[in-house]
Amino acid sequence: MAPQPTKETNLILRHLLATIAYRLTKCLADGEDEFMRFDSGSGVRKPFEILYHMSSVLSFCLAEIEKRDVIRPVALPEEQATTQFFNLLQATDNALTGKEVELDTALKLIQGPLADMLTHVGQLALLRRYYNKPIQAENFMRAKVQIGVIAPEKQELATSL
């Protein structure tokens, strides 16, 4: 017998989404539009291309939660990549408020698309350093990550360690 869906499972998933939102906001804070087009060479994706890929991965995650076919996002102009991603992240969080996810599905989402997004947030943080605008150091265990807080303008970013 498979474990039953629980509110705690959804809270963990929602906390992970809020963590992704917080860390991505930190990567993009004080950034310039030029950073989104930064080309580090060697075939590495530009930041806006990474965000588009993250939106694509997130659309798969949302489809799994909603038990429907994947609707891939349209490749928008680079200046809209951030908004597109955060809108999808908010839609995913909203979906988790209305439907409890089975533990097996939650574990697959964590090991697959959600872990992939954390990897890409780290990639963006590294690109910020290469761009000569590294993100500010922070103890992320003390970060004000709040379930349900997804929008970048609502994040309370730390200003020091």
Identify whether F35 and L157 are in the same connected component of the hydrophobic contact network (ILVMFWY, side-chain heavy atoms under 4.5 Å). no
Within the 4.5 Å heavy-atom criterion, are V101 and E64 side-chain neighbours or not? no
Got a sec: does the NZ of K99 have more than 12 other heavy atoms crowding it under 6.0 Å? yes
By side chain to side chain donor-acceptor pair (under 3.5 Å), Q90 pairs with (sequence neighbours left out) N94
Partner residues of R68 under the salt bridge (Lys or Arg N to Asp or Glu O under 4.0 Å) criterion, sequence neighbours left out: E66
Go through Y22 and E138 one step at a time and tell me if the side-chain contact (heavy atoms from CB on, under 4.5 Å) criterion holds. CA-CA 12 Å; Y22 182 92; E138 177 177 353; 2.4 Å; yes
Same cluster or not: are L17 and F60 linked, directly or through other Ile, Leu, Val, Met, Phe, Trp or Tyr residues, by side-chain heavy atoms under 4.5 angstrom apart? no
Contact between E156 and Q146 at the side-chain level, heavy atoms closer than 4.5 Å - yes or no? yes
Do you know the tightest heavy-atom contact between Q155 and A21? NE2-CB, 3.8 Å
Could you state whether V145 and M54 fall into the same hydrophobic cluster, counting links through intermediate Ile, Leu, Val, Met, Phe, Trp or Tyr residues with side-chain heavy atoms under 4.5 angstrom apart? no
For the student: nearest non-hydrogen atoms of L88 and S55, plus distance: CD1-O, 3.5 Å
Measure from the side-chain N and O atoms of R14 to the backbone N and O of I147, and report whether any donor-acceptor pair falls under 3.5 Å. no
Once you round to the nearest 0.5 Å, how far does CD1 of I12 lie from CG of L109? 12.5 Å
Hey, could you give me each pair passing side-chain hydrogen bond (donor to acceptor under 3.5 Å, both in side chains) that has a residue in residues 37-52? Not counting sequence neighbours. R37-E78
Report yes or no: do V149 and L24 belong to one cluster of Ile/Leu/Val/Met/Phe/Trp/Tyr joined by side chain heavy-atom distances under 4.5 Å? no
Could you check I50 against L127 for side-chain contact (heavy atoms from CB on, under 4.5 Å), going step by step and ending with a plain yes or no? CA-CA 11 Å; I50 294 169; L127 287 173; 3.6 Å; yes
Taking a hydrophobic cluster as the set of Ile, Leu, Val, Met, Phe, Trp and Tyr residues connected by side-chain heavy atoms closer than 4.5 Å, whether directly or through intermediates, do L118 and I135 fall within one such cluster? no
In this structure, CG of L16 is separated from CG of L114 (nearest 0.5 Å) by 5.0 Å
After noting the C-alpha distance and the side-chain angles of T92 and I150, does the key distance pass the side-chain contact (heavy atoms from CB on, under 4.5 Å) rule? CA-CA 10 Å; T92 305; I150 302 297; over 6 Å; no
Do N10 and K7 make a side-chain contact, defined as non-hydrogen atoms from C-beta onward lying under 4.5 Å apart? no
Considering only heavy atoms from C-beta outward, does the side chain of Q84 approach that of L51 to under 4.5 Å? no
Looking at R129 and P134, would you say the former's side chain and the latter's main chain have a donor-acceptor pair under 3.5 Å? no
Answer whether the closest heavy-atom distance between the side chains of T105 and K67 falls below 4.5 Å. yes
Could you check whether any side-chain heavy atom of I20 comes within less than 4.5 Å of a side-chain heavy atom of F85, counting everything from C-beta outward? yes
Looking at side-chain heavy atoms only, is the closest gap between C61 and V57 below 4.5 Å? no
Output for pair (D116 CG, I110 CD1), nearest 0.5 Å, gives 14.0 Å
Give a yes or no on whether Y130 atom OH has more than 12 heavy-atom contacts from other residues, nucleotides or ligands under 6.0 Å away. no
State, without any angle test, whether R72 and S59 hold a side-chain donor-acceptor pair at a distance under 3.5 Å. no
Take F86 and T25, measure what side-chain contact (heavy atoms from CB on, under 4.5 Å) needs, and give me the verdict at the end. CA-CA 10 Å; F86 278 103; T25 298; 3.5 Å; yes
Measure the shortest side-chain to side-chain distance between R23 and L124 over non-hydrogen atoms and say whether it is less than 4.5 angstrom. no
